[in-house]
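As structure tokens, the structure follows; a few thoughts come after it.
Here the structure is a predicted model, which means the values were calculated and not measured. We use all heavy atoms of the structure for the numbers below, so side chains are in, but hydrogens, waters and symmetry mates are not.
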Amino acid sequence: MTRVLLIFSMLLLITTACSAPAQQVGALPQFSQYPAIEIYSAPAVAVTLNGEPNIFRTRLKNAAKQSVNFAGEYVLTTWGCGASCIYGAVVNLKTGEVVFLPASFHVGLLESEPLRFHSNSRLLVMRGALSEGGEHAAHYYEYTGGKFMHLKTVPIGGRSDEQ
């Protein structure tokens with residue numbers, strides 16, 4: 001009886017240990033959890049550059065000529081800022097407001113999709129080292145219409161793909 005109890009306890013321990021990573025994967029933010037209210041389709045309003053550096057003016061104005069690609073009414077645009085460095089902003093096609101990404105980030109050589117976003121979701125996934133000095137990870141943000149709210153960071157060595 002003691003032997004059966006010991007075997008049962010070991011199986012329970014192994015099962016619990018093996019299921020922990022699966023629970024972590026399920027806890028990752030999903031695009032469907034952060035839906036955009038609607039997809040904006042009317043003509044874009046002129047970009048408002050309230051004191052933004054002129055160096056980005058052309059890039060931001062060109063972005064406003066594109067179709068919605070992020071969070072229902074925004075165009076997310078990026079540009080290089082050095083070797084393997086990316087920076088960018090979102091342009092609101094309804095209001096012309098510009099909000100810059102929460103940080104520049106350095107992408108690894110093997111990173112094929114450093115930014116993940118959808119036109120119908122407010123979730124942004126930045127894969128890399130933030131401000132070129134942080135941990136190489138998947139950084140999850142919710143865009144709230146005026147700023148990016150950090151949700152979670154998952155090291156790239158672990159599971160960091162959204163479902």
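Of the inter-residue distances, the one linking Thr77 atom OG1 with Asn62 atom CG reads 8.5 Å to the nearest 0.5 angstrom. Atoms CD and OH, from Gln33 and Tyr140 in turn, are 10.5 Å apart once rounded to the nearest 0.5 Å. In this structure, Leu130 CG and His139 NE2 are separated by 3.5 Å, a value rounded to the nearest 0.5 Å. In this structure, CG in Leu49 is found 6.5 Å from NZ in Lys61, a value given to the nearest 0.5 Å. Expressed to the nearest 0.5 Å, how far OG of Ser32 lies from NE2 of His118 amounts to 10.0 Å. Distance check, rounded to the nearest 0.5 Å: CH2 of Trp79 to OG of Ser104 gives 11.0 Å.
In this structure, Met149 and Thr144 approach most closely via the heavy-atom pair CG-CG2, 3.4 Å. Nearest approach of Ala138 to Ile156, heavy atoms of both residues: N-CD1, 3.7 Å. Heavy-atom minimum distance, Ala63 versus Val91: CB-CG2, 4.2 Å.
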message: Go through it in stages, so that I can follow the logic: the residues are Phe31 and Val125, the test is side chain to side chain contact (heavy atoms under 4.5 Å, CB included), and I'd like the CA-CA distance, side-chain angles, deciding distance and then a yes or no.
response: CA-CA 10 Å; Phe31 287 104; Val125 184; 4.2 Å; yes
- prompt: Val98 and Val47: side chain to side chain contact (heavy atoms under 4.5 Å, CB included), yes or no, with the steps?
  reply: CA-CA 7 Å; Val98 174; Val47 174; 3.6 Å; yes
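Applying the salt bridge (charged side-chain N to carboxylate O under 4.0 Å, His left out) criterion to Glu97, with sequence neighbours excluded, gives no partner residue. Partners of Tyr34 according to the ring-ring contact (aromatic ring centres under 6.0 Å, His included) rule, which considers only residues two or more places apart in sequence or in another chain, do not exist here. Qualifying salt bridge (charged side-chain N to carboxylate O under 4.0 Å, His left out) partners for Lys94, counting only residues two or more places apart in sequence or in other chains: Glu73. For the side-chain hydrogen bond (donor to acceptor under 3.5 Å, both in side chains) test, residues two or more places apart in sequence or in another chain that qualify with Tyr74 are Asn92. Tyr141 pairs by the ring-ring contact (aromatic ring centres under 6.0 Å, His included) definition with His150, not counting sequence neighbours.
Proximity of Arg122 to Pro35: side-chain heavy atoms (C-beta onward) are separated by under 4.5 Å at one or more points. In this structure, the side chains of Leu76 and Leu124 come closer than 4.5 Å at one or more pairs of heavy atoms. Residues Glu142 and Pro29 fail the side-chain proximity criterion, which asks for heavy atoms closer than 4.5 Å.
No donor-acceptor pair closer than 3.5 Å links the side chain of His106 to the backbone N or O of Gly128.
Ring pair Phe148/Phe70 is parallel by interplanar angle, where below 30° counts as parallel and above 60° as perpendicular.
Here Tyr40 is tied into one hydrophobic group with Ile39, Val68, Val75, Leu93, each link being a pair of ILVMFWY side chains closer than 4.5 Å.
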